[in-house]
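What follows is a single structure, written as C-alpha cells, with notes after it.
Below, chain A is the first sequence line, B the second, and so on; all start at residue 1.
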2 protein chains.
Amino acid sequence: MPPEKTVTPSPSRPPSPSPSREERRRQILDAVGRIILDGGLSGATFRSIATEAGVSVRLVQYYFGTRDELLLAVQEDVAARSTARLIDRLEATDGSPREGLRAMLISFIPTDDDSRIAMLMYVSLHTSWLMDRGSAPEDSYAVPRLGHATIVDHLERAGLGEDVDIDTEATLLMTLVTGLSLWVLDGMHTAEEVIAALDHQLNRLFAG
Amino acid sequence: MPPEKTVTPSPSRPPSPSPSREERRRQILDAVGRIILDGGLSGATFRSIATEAGVSVRLVQYYFGTRDELLLAVQEDVAARSTARLIDRLEATDGSPREGLRAMLISFIPTDDDSRIAMLMYVSLHTSWLMDRGSAPEDSYAVPRLGHATIVDHLERAGLGEDVDIDTEATLLMTLVTGLSLWVLDGMHTAEEVIAALDHQLNRLFAG
DNA sequence: AAAGTCATGGTACACTCGTACCATGATGAC
DNA sequence: GTCATCATGGTACGAGTGTACCATGACTTT
C-alpha cells in the first residue's frame, strides 16, 4: 500500500526541491485526464500514464497501487473537483435562488475544456464501473445526489406556489441536465442550445 | 470479409437442418448481449462470446470478422431493435397524440429485462466509441434523432398553443428521457418513479 | 559512520487478447 | 466421380497489459 496517511514523525521536506507527494499525485492524475480525453479509458494503461506524466511505471504504482485503486483515486478526484466547481458557481452568484440554481445547473454542462474533461472522465469511469461490476463507487453517486439536494434547497427558498411538487421538479431538473450534458458531449447539441432549453424549463417553472 | 450480400446463385438450403446464416448471427448476437449484461463490454472477448454461444472462436470471426466489425454489427442490431420497439409502442396505442407520445417516450426507459439489456448495450457501445474514437457510428445517433423527430411530429398533431416552442420542447423531452433512463440504469430511481416524473412534465406541457 | 527509510528507475513474468493460419467434413456443380 | 465452396473446429503467434521484484541514490535518524 502507498504512503497512507503517514503520521510522519518527520515534519521535514515541506518545501522540498523535488515535487511533494501531493504534487506528484496531481501530476499523475492530470496525465490520466489528458489520456482519457483522447484515448478513452481503455487507452489509460500504466505505461501510457507513466509516459504522459514523464515518470516511470513504478512510480505510478508507488503512488496509486493497483489499477483499480488508481481509477478509484481518479474518480474521487474528479468528483471532488466537480463538487468544488458546483460550490464555486453557487457562491459566485447573488443571493437570488433562481440565479444560484441556474448557475449550479449549468456547472454540470460541459462548457469549457475543464468541465468537458471532467464530464468525459466522469462518464467514462461511471459507465465502466456500472457495466463491469454492476455498480459504481460511492463517490460516483455523491455528485448527482448533492445536485439533487441543492436543487431542492433552492426551490424551497424560491417560494414557489404551494402546489409545486419540489422533489419531482428537482428530479426533472437533475435528470434533464444529465441528458443535456450527454448530448453536448455527443456533439448533437451545442452548450448554448442546451442552456437555452434549460432556461426554457426554468422560465416555465418560475412562471407557473 | 464475411459472406457479404452474396447474390447467391444457389437458392439452396433455405430450410436446412443446421442453422441458417441469419440464425447463427442471431445466436451469436444474443450471446454478446448476455455477456455485456454481466461483464460489461470489456468482458466481451472473442473467446467468451464463442463459449457463451456454444460455437468456436473461428465461427465468430467467420460471421463477423474483426472485433470492431462485430461490435458495429451489435450496435446496428440493438439500434434496429430499439427502433422496432419504438414503432411497436407507437402503433399499439390509440390515435391520441399524447398517448402515442407517452408510449414512445417510455419505450426508452428500461422497464423490463429486454429494454434494460438494450439500454445497457446501447450505453456501453456508444460511450465506448465516443471515448475511444471521439464519435460513434451513424446508427448510434439515428435512434435519438428519430426520437426527436417523432416527438416533434406528435406535438404538432397535438394542437398545442401557438406560443409553444415545439422544437425546444422536443429537445427537453428527449434529453429528459435520456437522463431518466440513465438514472434507472444506475439504480438511483425506479422505473415507476421516473415515469411519474415524465408524466408530470407531460401534464404541464399539455395543460399549459 | 552506520543503518534505515523514501522516492525512484528498470525489467521480467504470467496472462489475455485479437487475429491469422491450417485442417476437414458436408454439400452442391459439372 | 471429381472438385470447388461453405461452415466449422483447433491452434499458434505476436502484441500489450497489470503486477511483482530487484536495484540505487538521497536524506534522516541514531
- Which word best sums up how the rings of B:Y141 and B:H126 line up, parallel for under 30°, tilted for 30 to 60°, or perpendicular for over 60°?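 It falls in the perpendicular class, over 60°.
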
Do the side-chain N or O atoms of [X] get closer than 4.0 angstrom to the phosphate oxygens (OP1, OP2) of [N]?
| X | N | value |
| --- | --- | --- |
| A:R21 | C:dA7 | yes |
| B:R24 | D:dT8 | yes |
| B:R67 | C:dG18 | yes |
| A:Y63 | C:dT8 | yes |
| A:T45 | D:dG16 | no |
| B:Y62 | D:dA7 | yes |

Check the distance between [N]'s [atom2] and [X]'s [atom1] and give it to me in whole angstrom.
| X | N | atom1 | atom2 | result |
| --- | --- | --- | --- | --- |
| B:F64 | C:dT19 | CZ | C1' | 17 Å |
| B:L71 | C:dC17 | CG | P | 14 Å |
| A:F46 | D:dT19 | CZ | P | 5 Å |
| B:Q61 | C:dC21 | CD | P | 11 Å |
| A:R47 | C:dC13 | CZ | P | 14 Å |
| A:I49 | D:dT17 | CD1 | P | 11 Å |
| B:R25 | D:dA7 | CZ | P | 12 Å |
| A:E69 | D:dG18 | CD | C1' | 12 Å |

- Query: Donor-acceptor pair, A:T66 side chain versus A:E69 backbone, under 3.5 Å?
  - Reply: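 Flag not set: sc A:T66 to bb A:E69 has no pair under 3.5 Å.
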
- Item | Ion pair B:R133/B:D68, N-O distance below 4.0 Å |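 Salt bridge between B:R133 and B:D68, a charged N being under 4.0 Å from a carboxylate O: yes.
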
- Query: Any idea which of D:dT8, C:dT19, C:dG9 is nearest the B:S56 side chain?
  - Reply: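 Closest nucleotide among those given: D:dT8.
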
- side-chain hydrogen bond (donor to acceptor under 3.5 Å, both in side chains) assessment of A:S115 paired with A:D112: CA-CA 6 Å; A:S115 53; A:D112 50 24; 2.6 Å; yes

- Have A:Q61 and A:R58 got a donor and an acceptor in their side chains that come within less than 3.5 Å?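 No, because no side-chain N or O of A:Q61 sits under 3.5 Å from a partner of the opposite role on A:R58.
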
